[in-house]
Protein chains: 2
Amino acid sequence: MTDESTLGYALLGLLTQQPQSGYDLRKLFVATPMGVFSDSPGAIYPALGRLERRGWIAAGPAPRGGRRRRVYAPTPDGRAAFAVWVSQSPTPDDIARRWDVLMLRVALMGGVVKPAVVDQILATTQAAVDEYLASLEAFHAGPGQEMPVLAQLAFESGIESVRARARWIRRARQRAGVRRKR
Amino acid sequence: MTDESTLGYALLGLLTQQPQSGYDLRKLFVATPMGVFSDSPGAIYPALGRLERRGWIAAGPAPRGGRRRRVYAPTPDGRAAFAVWVSQSPTPDDIARRWDVLMLRVALMGGVVKPAVVDQILATTQAAVDEYLASLEAFHAGPGQEMPVLAQLAFESGIESVRARARWIRRARQRAGVRRKR
DNA sequence: GATCACATGTAAGAAGTTACATGATTCT
DNA sequence: AGAATCATGTAACTTCTTACATGTGATC
């Protein structure tokens, strides 16, 4: 079976936090930065259909009276699949090109994996970010010098983003750790 | 006619800088952060085909002897279409969800649009980034307080990225302006 | 002469986008 | 009653991904 899409996992994670309908989910996606993973009904409803066919979510009983609504909740299989997804160790590609997906996993992993696993993932992330940053800086100091000025500037924007991530991850590990000792 | 894809414009822009083959372009995408816009032959060659059918690029004469190579160069129509694309004024969506595309435009706009247009685009970008940042901070200080700790952290990563962009754009405008006065 | 790297491409399938369709329910 | 909005979906289209196909020139 092929992998589920990022959007599918995002929906699954939100349902893990709170059973709700496709319409509710869509409102969430429109209202928050999670909308990057698409906020159109033409993506959300088919994704919910896929999750249902996989047996990862199931719709509750149809409400008697009131509007037609399908309130989905994750099945045990769905919870397990979601736990596997959020527990993935970050790959270099996650760091360099799918940071948003990694942050989605972080945002939704609370209550799903043990604090020790969260720490582990954040530690791996820190190492990978530092390494990636070093490679970008090396490029900038070396072959990057030959690029046109505007190309260099655009590249620096990328470097600054990664620097911001490197700083963030240190704070995040502290905050996540503190919470654990409560 | 529908819009060309981001990958298509990226290829067109690179060809504007330097006529070359699909293979050369692919090497570029693999070696640089431009790879985010896809670096697989299954995307690049069809994109080149589309550009050719649009009349935006044309292949030079087949080399006699040596390997089979199709060296593409932009046509006048292609140059014009590219200039239109890079000159677009940044939309809120460009700022919030397609920053990478915006940076691609910046990286490739040198020599294609007049310095005054570059300044104009960067100024618009600065205003839009500041506004977006303010909205994120308002969310963080308000409804964001109710999110789980890890979700807050992930959100803060996004805020920090945008802060980095806000700082970057100020430096970038200076550097781009200085260059102009040379 | 065999193998490797060059260079271009195609096929199947997944998933998103936009736009439209449909009906029920609540509001005025 | 009529309009707006809730809620779910479908259809056509585009483009990407992965994997494979093909042939030629260079290299050992």
Side-chain angles (χ1 to χ4, degrees), chain A residues 1-12 15 19-31 34-54 57-72 91 93 97-98 100-101 104, chain B residues 1-12 15 19-31 34-54 57-72 91 93 97-98 100-101 104:
Chain A
M1 180 163 19
T2 81
D3 276 356
E4 179 54 46
S5 72
T6 301
L7 175 61
Y9 281 112
L11 294 168
L12 181 57
L15 292 175
Q20 52 196 314
S21 70
Y23 195 79
D24 295 333
L25 289 164
R26 184 167 124 77
K27 277 190 297 186
L28 250 178
F29 277 69
V30 170
M34 269 203 289
V36 267
F37 303 108
S38 185
D39 60 359
S40 79
I44 288 175
Y45 287 108
L48 289 171
R50 286 197 307 272
L51 293 173
E52 194 174 21
R53 276 196 305 280
R54 276 171 200 268
I57 63 175
R64 5 184 102 270
R67 288 206 169 89
R68 167 201 191 200
R69 280 183 98 231
R70 310 203 70 196
V71 174
Y72 286 105
T91 65
D93 218 56
R97 296 159 71 154
R98 283 198 300 269
D100 54 349
V101 179
L104 179 68
Chain B
M1 180 166 11
T2 80
D3 276 356
E4 180 53 47
S5 72
T6 301
L7 175 61
Y9 282 111
L11 294 168
L12 181 56
L15 291 175
Q20 52 196 316
S21 70
Y23 195 80
D24 295 333
L25 289 163
R26 183 168 125 76
K27 277 190 296 187
L28 250 178
F29 277 70
V30 170
M34 268 203 291
V36 268
F37 303 109
S38 182
D39 59 358
S40 80
I44 289 175
Y45 288 108
L48 288 172
R50 286 197 305 272
L51 293 174
E52 194 174 20
R53 277 196 304 280
R54 276 172 200 266
I57 62 175
R64 7 185 102 269
R67 287 205 171 91
R68 167 199 191 201
R69 280 183 98 229
R70 310 202 70 196
V71 174
Y72 287 105
T91 66
D93 218 57
R97 295 158 72 155
R98 282 197 302 267
D100 54 348
V101 179
L104 179 68

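Just so it is clear, the values below take in all heavy atoms, side chains as well, and ignore hydrogens, waters and symmetry mates.
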Exercise. Give the rounded distance in Å between these two atoms: CG of B:Leu7 and C1' of D:dT17.
Key: 13 Å
Quiz item: Think B:Arg69 has a side-chain N or O under 4.0 angstrom from the OP1 or OP2 of C:dG9?
Solution: no
Quiz item: Side-chain N or O of B:Tyr23 less than 4.0 angstrom from OP1 or OP2 on C:dT8?
Solution: no
Self-check item: Given DNA chain C, 5'-ward residue of the pair B:Val71 and A:Thr6, judged by closest heavy atom
Solution: B:Val71
Practice problem: Ignoring backbone atoms, establish whether A:Arg68 has a side-chain N or O less than 4.0 Å from OP1 or OP2 of C:dA24. | Solution: no
Quiz item: Is a side-chain donor or acceptor of B:Arg97 paired with a backbone partner of A:Gly35 at a separation under 3.5 angstrom?
Solution: yes
Quiz prompt | Pair B:Arg50, B:Ser5: side-chain N/O donor-acceptor within cut-off below 3.5 Å | solution = yes
Quiz item: Closer than 4.0 Å, any side-chain N/O of A:Ser5 to the OP1 or OP2 of C:dA14?
Solution: no
Quiz item: Can you find a side chain N or O atom of A:Ser38 that sits less than 4.0 Å from OP1 or OP2 on C:dA15?
Solution: no
Exercise. Return the value, rounded to whole Å, for the distance between atom CZ of B:Arg26 and atom P of D:dT18.
Key: 11 Å
Practice problem: Scan A:Ser40 against the nucleic acid and name what it touches under 4.0 Å (heavy atoms): base, sugar-phosphate only, or nothing. | Solution: base
Quiz item: When all nucleic acid strands are considered with a 4.0 Å heavy-atom cut-off, which category describes B:Arg70: base, sugar-phosphate, or nothing?
Solution: sugar-phosphate
Quiz item: Can you tell me how far P of D:dC16 sits from CG of B:Leu48, to the nearest Å?
Solution: 11 Å
Quiz item: Within the structure shown, what part of the strands sits under 4.0 Å from A:Arg67 by heavy-atom distance: base, sugar-phosphate, or nothing?
Solution: base
Quiz prompt | Nearest-angstrom distance from the residue atom OH of A:Tyr72 to P of D:dA7 | solution = 14 Å
At a cut-off of 3.5 Å, list every protein nitrogen or oxygen paired with a nitrogen or oxygen from nucleotides 10-13 of chain D, distance to 0.1 Å.
none

Quiz item: Whole Å only: how far is the CG atom of A:Asp3 from the C1' atom of C:dG13?
Solution: 14 Å
